Amino acid sequence: MEFEKETIVAVVGSKNPVKVKAFKDTLARIYPHKQIECRGVDAPSLVSEQPMSEKETYQGAVNRVNFCQSHFDADFYAAMEGGVDNFAYGPATFAFVVVSTDAKLQVGRSANLPIPESVFQQLSQGEELGPLMDQLFGTSNVKQKGGAIGLLTNGLETRGGNYTQALTLAMAPFLHADRF
């Protein structure tokens, strides 16, 4: 997708600085010669604070993007919704990402991060992953930093990096619109 104007405007359906930076970084990599104006807004997910299934996580991201599109004018809209599920191979956390323009909506998904069964059980009882990770590791507000990914990989990967990869992959249909 080519832009004649110098500035690309993007709205992210969250004020979490990790999410806003991930989308801004993604756009900056894709459009290196453009100015990127990216801002986060409070967009309701309309799902549980801690989504507990793939379906609920996906819906939360779609709901956030739909809100952004109906309330703001931008070239791109994006949302990232983190969730957990107990798969046949064990519990994991992941995120759905949704990127849209006025003409196209594209869904992507991050890699899975295995989580301990004991953590999943606490999540099933109403806990939220970020605060639970803070309790387990003695950290503060990890969800606006490296996330559970940073903690469980000893800092080798981060929440932001996981979002950036998923967002970049989700952008493929915008980069090659003639093929999609």
Side-chain angles (χ1 to χ4, degrees), residues 10-27 29-30 38-72 74-115 119-120 123-124 127-133 142-153 157-175 180:
V11 174
V12 175
S14 172
K15 286 189 173 182
N16 183 315
V18 173
K19 293 179 179 183
V20 176
K21 183 178 182 329
F23 195 50
K24 184 174 184 176
D25 289 352
T26 298
L27 291 174
R29 288 174 61 208
I30 293 169
C38 188
R39 72 178 187 146
V41 300
D42 285 324
S45 70
L46 306 177
V47 298
S48 304
E49 195 67 30
Q50 177 59 71
M52 294 297 294
S53 69
E54 284 185 296
K55 182 179 178 182
E56 186 180 20
T57 307
Y58 160 81
Q59 192 60 57
V62 169
N63 291 344
R64 288 180 193 273
V65 161
N66 288 340
F67 176 88
C68 291
Q69 282 189 288
S70 66
H71 289 84
F72 300 94
D75 299 306
F76 285 102
Y77 307 89
M80 291 136 265
E81 187 74 26
V84 297
D85 208 334
N86 198 1
F87 300 98
Y89 47 82
T93 184
F94 54 89
F96 271 96
V97 300
V98 176
V99 177
S100 72
T101 62
D102 290 335
K104 179 187 247 354
L105 183 137
Q106 186 61 45
V107 176
R109 190 168 178 270
S110 74
N112 277 3
L113 171 70
I115 58 174
V119 169
F120 184 79
L123 295 171
S124 298
E127 296 281 340
E128 189 182 342
L129 186 59
L132 183 56
M133 289 284 106
V142 74
K143 73 182 196 173
Q144 291 194 0
K145 298 173 187 166
I149 293 170
L151 294 174
L152 292 171
T153 65
E157 297 295 336
T158 65
R159 186 177 192 206
N162 201 32
Y163 288 149
T164 301
Q165 181 187 46
L167 288 162
T168 301
L169 298 178
M171 289 292 294
F174 296 103
L175 296 171
F180 282 85

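When a residue number appears, it is its place in the shown sequence, counting from 1. Keep in mind it's a predicted model, so treat the numbers as computed, not measured.
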Which heavy atom of [X] sits nearest to which heavy atom of [Y], and what is that distance?
X      : Y      : value
Pro51  : Glu56  : CA-OE1, 3.4 Å
Val97  : Ala166 : CG2-O, 3.7 Å
Asn86  : Pro91  : OD1-N, 3.2 Å
Val99  : Ala170 : CG2-CB, 4.4 Å
Val11  : Ala74  : CG2-CB, 3.8 Å
Phe174 : Ser100 : CZ-CA, 4.2 Å

Ignoring hydrogens and geometry, is there a side-chain-to-backbone donor-acceptor pair from [X] to [Y] under 3.5 Å?
X     : Y      : value
Lys19 : Met80  : yes
Asp85 : Glu54  : yes
Arg64 : Gly13  : yes
Ser45 : Gly60  : no
Gln50 : Leu123 : no
Thr93 : Gly83  : yes
Tyr77 : Phe72  : yes

State the [atom1]-[atom2] distance between [X] and [Y], to the nearest 0.5 angstrom.
X      : Y      : atom1 : atom2 : result
Asp42  : Ser14  : CG    : OG    : 7.5 Å
Leu167 : Ser110 : CG    : OG    : 10.0 Å
Met52  : Phe120 : CE    : CZ    : 4.0 Å
Phe94  : Leu113 : CZ    : CG    : 11.5 Å
Tyr163 : Ile149 : OH    : CD1   : 7.0 Å
Arg159 : Leu151 : CZ    : CG    : 11.5 Å

Side chain proximity check, Val47 to Glu81, heavy atoms < 4.5 angstrom: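 A side-chain contact exists here, since the closest heavy-atom pair is under 4.5 Å.
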
Counting neighbours of [atom1] on [X] that are heavy atoms of other residues, nucleotides or ligands and sit closer than 6.0 Å, is the number greater than 12?
X      : atom1 : result
Tyr58  : OH    : no
Gln165 : CD    : no
Glu127 : CD    : yes

Parallel, tilted or perpendicular, as decided by the 30° and 60° cut-offs, for the rings of Phe87 and Tyr89: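 Tyr89 vs Phe87 ring planes: parallel.
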
Arg39 vs Val20, side chain to side chain contact (heavy atoms under 4.5 Å, CB included): CA-CA, chis, key distance, verdict: CA-CA 7 Å; Arg39 72 178 187 146; Val20 176; 5.9 Å; no

Test side chain to side chain contact (heavy atoms under 4.5 Å, CB included) applied to Gln59 and Leu46, step by step: CA-CA 8 Å; Gln59 192 60 57; Leu46 306 177; over 6 Å; no

Worked verdict on Leu129 versus Val119 for side chain to side chain contact (heavy atoms under 4.5 Å, CB included): CA-CA 8 Å; Leu129 186 59; Val119 169; 4.0 Å; yes

CA sep, side-chain torsions, deciding dist, call: Met171, Thr168, side chain to side chain contact (heavy atoms under 4.5 Å, CB included): CA-CA 5 Å; Met171 289 292 294; Thr168 301; 5.7 Å; no

